[in-house]
Amino acid sequence: MSSARRLVPLEEHHRDPASALHPNSPWVRAVRLLVGAFVLAALVQKTYDATLPGHDVDSFQLYSEFTVQANLGLGFLLIGSAAWPAARLPRWWGHLFGAFVLYSVMTGLIYIVLVAPPEEPWWSWDHYCPQMAHHRLAPLYVVFDWLLVSRMGRGPWWRPLAWLAYPVAFLIFSWVRGSIDGWYVYDFLDPTLEGGWPAALASIAQVLAAFLVVAALVHLAGNARAALALRHPRH
């Protein structure tokens with residue numbers, strides 16, 4: 001497929017806004033708005049709870065969490081995608097949306113594998129409401145959105161690598177911050193715990209490998225969905 005064809009706006013290939021899979025479909029925009037608002041409302045609740053006595057993190061520590069940062073960006077992206085027609089969004093919007101699909105999915109997976117209490121079933125939805133929104137609802141929703149709603153264009157081969165820039169920057173920030181005040185946002189990042197730096201680096205190597213694999217899968221799924229929209233311009 002030529003690069004010229006990839007640059008043709010989605011609206012010219014997929015003209016029917018009533019289509020169930022079209023990003024301008026009223027129900028698609030309504031669901032994006034509701035999920036985005038719920039994700040941000042959960043952040044407001046978390047922020048308020050962080051000000052209460054006895055809470056385990058303060059507000060600044062809260063916003064140092066990958067989960068909070070990723071869901072903050074995702075909430076605004078979902079609301080923006082609901083507020084503006086697809087044709088009015090910049091070309092980079094879809095690639096940024098894909099990045100936050102990756103971050104949201106990894107937030108859910110890392111919580112299940114590394115953060116959740118060992119006795120907590122991975123399928124459980126019995127959570128403090130903001131945790132449920134950020135670790136269950138948001139990851140599940142964005143997977144379906146990414147797979148089912150038409151995309152504006154294919155991404156280049158290096159897109160998964162570009163998506164990893166933020167997790168790597170977050171990792172560096174977390175270690176710098178921890179070296180200054182002794183607080184590490186997640187135990188698996190903390191080199192002061194049992195195992196020291198070797199254990200922390202081993203955990204991070206596994207996490208980054210998982211990021212890369214999931215980034216590649218998200219990238220391929222997004223390109224497949226964009227190609228499908230090009231082959232089937234009308235529903």
Side-chain angles (χ1 to χ4, degrees), residues 32-82 93 95-117 120 122 124-143 145-146 162-190 193 200 203-204 206-208 210-211 214-215 218:
R32 284 176 166 177
L33 178 62
L34 288 173
V35 174
F38 186 53
V39 166
L40 294 182
L43 282 177
V44 172
Q45 180 67 53
K46 273 189 174 182
T47 303
Y48 170 75
D49 290 345
T51 67
L52 300 177
H55 202 270
D56 57 348
V57 295
D58 59 32
S59 296
F60 184 70
Q61 290 173 333
L62 179 70
Y63 281 84
S64 297
E65 294 180 1
F66 186 89
T67 296
V68 169
Q69 295 174 11
N71 279 279
L72 180 64
L74 178 66
F76 282 117
L77 275 172
L78 288 172
I79 291 173
S81 298
W93 189 271
H95 304 309
L96 185 63
F97 195 104
F100 278 88
V101 171
L102 168 64
Y103 307 151
S104 182
V105 169
M106 289 306 299
T107 293
L109 291 177
I110 290 173
Y111 176 80
I112 291 171
V113 175
L114 294 174
V115 178
E120 181 180 291
W122 65 266
S124 173
W125 285 73
D126 185 17
H127 287 281
Y128 165 58
C129 185
Q131 296 290 75
M132 181 271 293
H134 296 159
H135 292 136
R136 293 289 193 268
L137 175 66
L140 186 63
Y141 171 75
V142 295
V143 166
D145 189 297
W146 189 248
W163 287 344
L164 293 184
Y166 164 58
V168 171
F170 175 84
L171 172 63
I172 295 171
F173 161 77
S174 299
W175 274 336
V176 170
R177 180 204 162 100
S179 69
I180 294 171
D181 65 8
W183 184 81
Y184 292 88
V185 61
Y186 302 115
D187 286 347
F188 66 86
L189 293 177
D190 190 348
L193 296 179
S203 295
I204 287 303
Q206 295 175 49
V207 168
L208 289 179
F211 259 98
V214 176
V218 172

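Computed from a predicted structure; not experimentally measured.
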Other residues, nucleotides, ligands: >12 heavy atoms within 6.0 Å of Phe173 CZ: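 Enclosed: over 12 neighbouring heavy atoms sit under 6.0 Å from CZ of Phe173.
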Quick one: does any side-chain atom of [X] pair with a main-chain N or O of [Y] as donor and acceptor, under 3.5 Å?
{"X": "Trp163", "Y": "Gly98", "result": "no"}
{"X": "Trp175", "Y": "Leu189", "result": "yes"}
{"X": "Asp145", "Y": "Tyr141", "result": "no"}

Throw together a table of side-chain donor-acceptor distances under 3.5 angstrom for residues 104-117, partners on residues two or more places apart or in other chains.
{"residue": "Thr107", "atom": "OG1", "partner": "Tyr103", "partner atom": "O", "Å": "2.8"}
{"residue": "Tyr111", "atom": "OH", "partner": "Glu120", "partner atom": "OE1", "Å": "3.3"}
{"residue": "Tyr111", "atom": "OH", "partner": "Glu120", "partner atom": "OE2", "Å": "3.1"}

Let me know which of Val185, Leu43, Thr47, Val57 forms a side-chain contact (heavy atoms from CB on, under 4.5 Å) with Val68.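 Only match with Val68 under side-chain contact (heavy atoms from CB on, under 4.5 Å): Leu43.
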Check against side chain to side chain contact (heavy atoms under 4.5 Å, CB included), Leu78 and Leu33: CA-CA 6 Å; Leu78 288 172; Leu33 178 62; over 6 Å; no
How are the rings of Phe170 and Phe66 set relative to one another: parallel (under 30°), tilted (30 to 60°) or perpendicular (over 60°)?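 It falls in the perpendicular class, over 60°.
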Quick check: closest heavy atoms across [X] and [Y], and the distance to 0.1 Å?
{"X": "Asn71", "Y": "Ala138", "result": "OD1-CB, 3.6 Å"}
{"X": "Tyr63", "Y": "Gln69", "result": "O-NE2, 2.9 Å"}
{"X": "Ala133", "Y": "Phe38", "result": "CB-CE2, 3.6 Å"}
{"X": "Phe211", "Y": "Pro167", "result": "CE2-CG, 3.6 Å"}
{"X": "Ala215", "Y": "Leu102", "result": "N-CD1, 3.5 Å"}

Hey, are the side chains of [X] and [Y] touching, using non-hydrogen atoms and a 4.5 Å cut-off?
{"X": "Tyr186", "Y": "Ser174", "answer": "no"}
{"X": "Ser64", "Y": "Arg177", "answer": "yes"}
{"X": "Phe100", "Y": "Val142", "answer": "no"}

Just how far is it from atom [atom1] of [X] to atom [atom2] of [Y], taken to the nearest 0.5 Å?
{"X": "Thr67", "Y": "Gln131", "atom1": "OG1", "atom2": "CD", "answer": "7.0 Å"}
{"X": "Leu208", "Y": "Leu164", "atom1": "CG", "atom2": "CG", "answer": "7.5 Å"}
{"X": "His134", "Y": "Glu65", "atom1": "NE2", "atom2": "CD", "answer": "10.5 Å"}

Check against side chain to side chain contact (heavy atoms under 4.5 Å, CB included), Phe188 and Gln206: CA-CA 11 Å; Phe188 66 86; Gln206 295 175 49; over 6 Å; no
